Amino acid sequence: VDCIEYADYSTSYDVTYPKTKNAAFNLWMEKKAASWISLWQTQVSRFANLERTPEQRAVGQASAWCEVEFFSEQIVSGFFTSQTTWSQQQQGMAINFDLKKGEEIRQKDLFKDSFKPSVFVKNMVKTAFKNHSLYESDKDFKQWIEAAEFPYFTIRKEGICFSTDFNVLYGRQSLTVPFAELREYLREGSVLKGMGE
């Protein structure tokens, strides 16, 4: 794990992310971290000329961290999440990287052109979330989850995990689809070949 941090009177950030022995992955993650830091710098520039009063202490804070969900000789997959004091909403980004090819894994690299992940997941949500503790007891959750998009995907040992954006009340919800249910939609020769068998 690598960590970059900064602090002054009014602002601070810290970002942690995984490092491996793979130079291409490390460079890719460093660029993602640098991009996040650049965005932070743009946002906190408005705090630069604040008077140094107790009320202005640490008004612009941000943290970013990574959760690795799968790591093998060929794949690193997980989630990069950030949170700031100026937004109630967490920001997320899926991390999927092919260590052998030295490149990011995108949905179009995994699935046939005819496969529409958003439609597929939408059809599974009503069945998959029936056993969720809030599905029947909280009508707002039921309404939200049935309308929610699942724009992110990560690779896990047991299948592909599709996730929503972070919701202030319900967090980030995920649905893992076993490889067996996706096999017919996967591209020939994709990085997932042989997984789940």
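Just so it is clear, the model here is predicted, and its values are computed rather than measured.
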Novice: Y152: which residues meet the ring-ring contact (aromatic ring centres under 6.0 Å, His included) condition with it, sequence neighbours left out?
Specialist: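 Result, ring-ring contact (aromatic ring centres under 6.0 Å, His included) vs Y152: F79.
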Novice: May I ask you to decide if F150's main-chain N or O and T164's side chain share a donor-acceptor pair within less than 3.5 Å?
Specialist: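 Looks like no, no N/O pair under 3.5 Å.
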Novice: When you measure from the side chain of S12 to the backbone of D8, do you find a donor-acceptor pair of N or O atoms at a distance under 3.5 Å?
Specialist: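 No.
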Novice: If we only count heavy atoms from C-beta on, is the I75 to F97 side-chain gap below 4.5 Å?
Specialist: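 Of all side-chain heavy-atom pairs linking F97 with I75, none is under 4.5 Å.
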Novice: Mind checking the CG-CG spacing from L99 to N22? Nearest 0.5 Å is all I need.
Specialist: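 Output value for this atom pair is 4.5 Å.
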Novice: After noting the C-alpha distance and the side-chain angles of Q74 and S72, does the key distance pass the side chain to side chain donor-acceptor pair (under 3.5 Å) rule?
Specialist: CA-CA 5 Å; Q74 185 159 1; S72 70; over 6 Å; no
Novice: Treating Q89 as the side-chain partner and F166 as the backbone partner, does any N or O pair qualify as donor plus acceptor under 3.5 Å?
Specialist: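 Yes, because the side chain of Q89 sits within donor-acceptor range (under 3.5 Å) of the backbone of F166.
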Novice: By the side-chain hydrogen bond (donor to acceptor under 3.5 Å, both in side chains) test, which pairs, at least two apart or in different chains, include something from residues 111-124?
Specialist: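 Of all non-adjacent pairs touching residues 111-124, those that pass side-chain hydrogen bond (donor to acceptor under 3.5 Å, both in side chains) are D113-R187.
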Novice: What I'd like to find out is whether the side chain of M124 reaches to under 4.5 Å of the side chain of E181, using heavy atoms alone.
Specialist: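 Yes; the side chains approach each other to less than 4.5 Å.
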Novice: Could you list the residues that satisfy side chain to side chain contact (heavy atoms under 4.5 Å, CB included) with V1, not counting sequence neighbours?
Specialist: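 V1 satisfies side chain to side chain contact (heavy atoms under 4.5 Å, CB included) with T16 only.
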Novice: Find out whether F25 and P18 are in side-chain contact, i.e. whether some heavy atom of one side chain is under 4.5 Å from a heavy atom of the other.
Specialist: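 Yes, side chains in contact.
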Novice: Using atom types as modelled and distance alone, determine if a side-chain donor or acceptor of S137 lies under 3.5 Å from a backbone N or O of S133.
Specialist: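 A pair under 3.5 Å: yes.
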Novice: Say whether, by atom type as modelled, one donor and one acceptor occur between the side chain of Y17 and the main chain of W65 under 3.5 angstrom.
Specialist: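 Checked: no pair found.
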Novice: Quick check: do F71 and T20 have side-chain heavy atoms less than 4.5 Å from each other?
Specialist: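 In short, these two side chains touch, coming nearer than 4.5 Å.
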Novice: Spell out, yes or no, whether F129 and L169 are grouped together once hydrophobic residues are joined by side-chain heavy atoms under 4.5 Å, including indirect joins.
Specialist: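 Both belong to a single hydrophobic cluster.
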Novice: For Y185, which residues count as a ring-ring contact (aromatic ring centres under 6.0 Å, His included) partner, sequence neighbours excluded?
Specialist: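 Y185: ring-ring contact (aromatic ring centres under 6.0 Å, His included) contacts with F115, F120.
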Novice: How long is the straight-line distance from CD of E69 back to OG of S77, given to the nearest 0.5 Å?
Specialist: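 CD of E69 is found 6.0 Å from OG of S77.
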Novice: Can any side-chain N or O of D165 pair as donor or acceptor with the backbone N or O of R172 at less than 3.5 Å?
Specialist: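 A pair under 3.5 Å: no.
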Novice: Name every donor-acceptor pair, under 3.5 Å, that has one atom in a side chain of residues 27-36 and the other anywhere in the protein, sequence neighbours excluded.
Specialist:
| residue | atom | partner | partner atom | Å |
| --- | --- | --- | --- | --- |
| W36 | NE1 | S82 | OG | 3.3 |

Novice: Quick check: do V191 and D109 have side-chain heavy atoms less than 4.5 Å from each other?
Specialist: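 Not in contact.
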Novice: If we ignore angles and hydrogens, is there a donor and acceptor under 3.5 Å between the side chains of Y170 and D140?
Specialist: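 The criterion, which ignores hydrogens and geometry beyond distance, is not satisfied for D140 and Y170.
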Novice: How about T154 and F70: do any of their side-chain heavy atoms sit closer than 4.5 Å?
Specialist: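 Contact flag for T154/F70 side chains = no.
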Novice: Only counting residues at least two apart or in another chain, list the ones meeting ring-ring contact (aromatic ring centres under 6.0 Å, His included) with Y135.
Specialist: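 Partners of Y135 under the ring-ring contact (aromatic ring centres under 6.0 Å, His included) test: none.
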Novice: Less than 4.5 Å apart, any side-chain heavy atom of L110 and any of I160?
Specialist: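 A side-chain contact exists here, since the closest heavy-atom pair is under 4.5 Å.
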Novice: Has the side chain of T85 got a donor or acceptor atom that lies under 3.5 Å from a matching backbone atom of Q61?
Specialist: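 A pair under 3.5 Å: yes.
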Novice: With rounding to the nearest 0.5 angstrom, report the CD to CG distance, E104 to N96.
Specialist: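 Here the interatomic distance stands at 7.5 Å.
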Novice: With hydrophobic residues grouped by side-chain heavy-atom distances under 4.5 Å, do I37 and L39 end up in a single group?
Specialist: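 No, I37 does not connect to L39 through the hydrophobic network.
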Novice: Using ring centroids (six-membered ring only for Trp), state whether Y6 and W40 fall under 6.0 Å.
Specialist: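 Yes: the rings meet the under 6.0 Å criterion.
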Novice: Which of these passes side-chain contact (heavy atoms from CB on, under 4.5 Å) with I105: D98, I95, V76?
Specialist: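 So the option named by the test is D98.
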